[in-house]
Protein chains: 2
Amino acid sequence: MPKQVVPEQARRRRRKTRQGSVLSETLIVQTALRVLREHGSTGLTARRLGAALGADPSTLYRYFAGMDDLTRAIGEELMGRALDDWTTTGSWQVDLRALGLAIHSSYLQHPQAAVLTVSRVTGRPREIAADEAILGVLRGAGFPDATAVRVYHAFIDSTLAFAALDAGSLALTDEARETDEEMWSSTYARLPAATHPHIAATARLLAGRMTHSVYPVVLDTLLNDAAAQLRTARRHRAAQARAERSR
Amino acid sequence: MPKQVVPEQARRRRRKTRQGSVLSETLIVQTALRVLREHGSTGLTARRLGAALGADPSTLYRYFAGMDDLTRAIGEELMGRALDDWTTTGSWQVDLRALGLAIHSSYLQHPQAAVLTVSRVTGRPREIAADEAILGVLRGAGFPDATAVRVYHAFIDSTLAFAALDAGSLALTDEARETDEEMWSSTYARLPAATHPHIAATARLLAGRMTHSVYPVVLDTLLNDAAAQLRTARRHRAAQARAERSR
DNA sequence: CGGTTGGCGTCAACTGTGTTGGCATAAGAG
DNA sequence: CTCTTATGCCAACACAGTTGACGCCAACCG
């Protein structure tokens with residue numbers, strides 16, 4: 001049993017598995033994502049992943065300290081993909097909107113994986129890169145540091161929180177998810193107006209809305225609010241500058 | 001083994017456990033909350049809960065269809081407690097703010113339980129009661145139905161999403177959580193300005209902010225935005241009424 | 001008041017989980 | 001080519017959720 005996991009860079013001897021595959025951290029993470037998609041968020045087990053790789057389960061412990069460590073690596077991968085998909089335009093609001101949607105979408109591409117990883121804050125390289133990028137966009141746009149940090153905080157936590165929430169429902173089995181979605185048109189739509197007047201009155205609207213993510217709506221609200229704060233900050237700075245000149 | 005779980009109301013014959021306790025759904029849920037608090041979000045096991053109740057693990061299957069079913073019951077309990085703690089004042093914005101904070105806080109009272117339950121939308125009675133209450137507040141305040149439903153959606157999903165996110169970090173072991181929190185003052189604060197200028201410049205602000213929940217900030221932003229929409233809707237209605245009269 | 005019934009708690013066992021120590025072997029260093 | 005040792009495999013451990021069979025006793029009926 002490995003006393004310590006050998007870091008990927010230092011790995012010299014690559015040996016074929018009994019079934020012929022050659023292992024690596026990235027291969028394991030990719031395969032884990034596939035297993036998660038096929039078997040659900042609780043379906044990633046050491047034995048199953050071993051079988052999918054054509055390797056003994058215990059071999060995984062040569063690459064990761066445990067299933068928990070593997071989970072964090074999967075999270076890093078999702079965050080990394082979001083950053084790779086992101087392109088900047090120069091408009092802070094457009095860029096942050098795009099990045100938020102990219103992160104949200106990257107996690108939702110692998111809902112079963114997202115469920116496992118989204119609440120794990122790891123402080124790994126690509127996660128830090130994302131934070132640096134967001135703060136860069138805000139400070140570059142002229143947000144005062146205190147405001148930039150507040151907006152950053154609301155932005156990143158909302159994005160991750162909604163990624164988790166939305167991934168949660170997507171990660172259900174097809175059967176369970178359809179049951180959940182139909183609930184709005186069955187259970188909720190059939191509540192008698194006598195006991196639940198407000199749900200009854202809006203049942204049709206609810207059924208149309210509740211099956212989609214509100215994240216874009218919330219994101220735009222946050223960004224518009226930030227834009228308003230930026231305008232105030234600019235006015236404030238301009239007023240100060242005028243006062244400075246006229247002294 | 002029970003072919004079917006007997007519903008709590010229909011339960012007639014209550015028999016003492018070998019160790020003297022008398023079981024019930026609520027006793028099991030209360031005990032489960034205690035076990036979760038003491039042993040963490042992964043520490044709720046059938047055997048451990050059985051031991052805490054002074055009963056055989058398999059007895060739980062007389063009350064719940066499985067650990068999954070028990071989990072949903074725990075979620076219902078948390079939502080119910082939030083509603084019980086809630087009092088209305090007549091101001092829609094004050095009331096919704098209070099309800100959001102109540103739900104958020106109720107889940108955070110039992111972070112380990114919240115982590116397990118928050119992404120499970122069950123459609124159980126008290127969950128429906130909460131939905132009816134929120135829609136009632138909004139429609140009572142004069143929101144047009146379409147707007148009310150949009151605000152409701154953003155409100156409830158944000159609240160649950162942040163409850164999940166924040167519970168996630170609270171549910172870590174004390175040791176792990178302190179490591180996480182210190183990361184802002186250690187790892188992030190020590191990133192060289194050469195590679196991470198923006199994080200380096202705001203490290204002090206970050207360390208002060210990131211260890212608290214942004215939910216209240218986001219909630220206020222959402223509610224203020226809703227208030228603006230309500231004013232527009234009122235103006236619109238007033239204009240229509242004037243046009244009606246002058247015809 | 002006693003007999004009967006069946007709801008409910010218990011026991012033992014099944015499958016599947018993460019994880020570990022020991023071992024064989026082939027890849028790469030010399 | 002030989003030698004080291006990293007790396008993959010095997011077997012086993014403790015623990016998980018779950019289930020079927022069993023028997024006791026609370027509650028109902030006469």
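Below, chain A is the first sequence line, B the second, and so on; all start at residue 1.
Within the 4.0 Å cut-off from OP1 or OP2 of D:dC9, at least one side-chain nitrogen or oxygen of A:Thr59 is found. Contact annotation: B:Tyr61 does not reach the phosphate of C:dG9 (side-chain N/O to OP1 or OP2, under 4.0 Å).
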Just the atom pairs and distances: protein N or O near nucleotides 28-30 of chain C's N or O, under 3.5 Å.
unit_1, atom_1, unit_2, atom_2, d
C:dG28, OP1, A:Arg12, O, 3.1

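Interface residues of residues 28-48 of chain B facing DNA chain C, ordered by number: none; criterion, heavy-atom separation under 4.0 Å.
Atom NE2 in A:His153 sits 11.0 Å away from atom CG in A:Asp131 (nearest 0.5 Å).
The shortest side-chain heavy-atom distance between A:Thr159 and A:Tyr107 does not fall under the 4.5 Å cut-off. When side chains are defined from C-beta on, A:Thr202 does not count as touching B:Tyr152, because their heavy atoms never get closer than 4.5 Å.
Among the atoms of the strands shown, none is found under 4.0 Å from any heavy atom of A:Phe64.
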Which donor-acceptor pairs under 3.5 Å do side chains of residues 43-54 of chain A form with protein atoms, sequence neighbours excluded?
unit_1, atom_1, unit_2, atom_2, d
A:Thr45, OG1, A:Arg48, N, 3.0
A:Arg48, NE, A:Gly43, O, 3.0
A:Arg48, NH2, A:Gly43, O, 3.3

Discussion item. I'd like to know whether A:Leu36 forms a side-chain contact (heavy atoms from CB on, under 4.5 Å) with A:Ile74, so could you lay out the CA-CA distance, the side-chain angles of the two residues, the decisive distance to 0.1 Å, and finally the verdict.
Written reply: CA-CA 11 Å; A:Leu36 278 168; A:Ile74 295 173; 4.2 Å; yes

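A salt bridge does not link B:Arg209 to A:Asp157: none of the charged nitrogens lies less than 4.0 Å from a carboxylate oxygen.
Relative orientation of the B:Tyr215 and B:His104 rings is parallel, given thresholds of 30° and 60° on the angle between their planes.
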